Amino acid sequence: MDSLLPIFRKNMAGPLILVLSACNANRQQLTRAIEKHIEKESEISPPKYVFCSIESVPWSDAAVGWTVFYHLLPGVDLENRDQVKDTLKKIKSIGLPKIWYYRWDLRRKEYFRYENKG
């Protein structure tokens, strides 16, 4: 967490996202650590989304899945969570690894998880 704080303190032109492209990254504790840190230091801007894969997959499937993700992401309005969900559903629909997200809620100051089950 400490190594990411300088990034979270920068004023970015657009929404900041964080991608954890490791198998079973949905078990990460980073989002909870960010929430706890926000309680102490309000001047950091947490990532709007933390994207992660949820299962163990062969390296080649993961590489293709994240490549498709990065290819589709520029066309997505990150302020529109339905567009983000639709993008993750597209990736899953072609047999690629499931990707979840944790979305920062500015009002509640916590992350909400979207489990791409569809």
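Fair warning: this is a prediction, and the values are worked out from it, not measured in the lab. Reckoned from all heavy atoms, side chains included, excluding hydrogens, waters and symmetry mates.
Once rounded to the nearest 0.5 Å, the distance linking CD of E115 with CD1 of I99 reads 14.5 Å. K89 NZ to D82 CG: the interatomic distance, rounded to the nearest 0.5 Å, is 8.0 Å. The distance from atom NZ of K90 to atom NZ of K85, rounded to the nearest 0.5 Å, is 15.5 Å. Residue N80 holds its CG atom at 8.0 Å from CG of D86, rounded to the nearest 0.5 Å. We find the NZ-NZ distance between K40 and K36 to be 8.5 Å, quoted to the nearest 0.5 Å. The CD atom of E110 sits 10.0 Å away from the CD atom of E39 when rounded to the nearest 0.5 Å.
Residues S53 and S21 approach most closely at OG-C, 4.5 Å, considering heavy atoms. Counting all heavy atoms, side chain and backbone alike, Y111 lies closest to P47 at OH-O, 2.7 Å.
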Worksheet item: What do the steps show when you test R113 against W100 for side-chain contact (heavy atoms from CB on, under 4.5 Å), and what is the final call?
Response: CA-CA 7 Å; R113 182 176 67 197; W100 283 6; 3.3 Å; yes
Practice prompt. Applying side-chain contact (heavy atoms from CB on, under 4.5 Å), run through R103 and V84 and close with a yes or a no.
Written response: CA-CA 10 Å; R103 178 185 51 81; V84 177; over 6 Å; no
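A chain of hydrophobic side-chain contacts below 4.5 Å, direct or via other Ile, Leu, Val, Met, Phe, Trp or Tyr residues, connects L88 to I94. I38 and L18 fall within the same hydrophobic cluster, where Ile, Leu, Val, Met, Phe, Trp and Tyr residues are linked whenever their side-chain heavy atoms come under 4.5 Å apart, directly or through other members. Grouping the Ile, Leu, Val, Met, Phe, Trp and Tyr side chains by contacts below 4.5 angstrom, directly or via other members, places L16 with I34. Hydrophobic cluster membership is shared by L20 and I7, with clusters built from Ile, Leu, Val, Met, Phe, Trp and Tyr side chains linked at under 4.5 angstrom.
Although no hydrogens or angles enter the test, the distance criterion places a donor-acceptor pair under 3.5 Å between the side chain of Q28 and the main chain of T31.
Screening residues 56-79 for side chain to side chain donor-acceptor pair (under 3.5 Å), with sequence neighbours left out, gives N24-S56, K48-E79.
The salt bridge (Lys or Arg N to Asp or Glu O under 4.0 Å) check on R9 picks up E41, with sequence neighbours excluded. Under the rule for a side chain to side chain contact (heavy atoms under 4.5 Å, CB included), the partners of I17 that lie at least two apart in sequence or sit in another chain are V19, Y49, F51, L73, L78.
Counting only heavy atoms from C-beta outward, the side chains of C52 and Y102 approach each other to under 4.5 Å.
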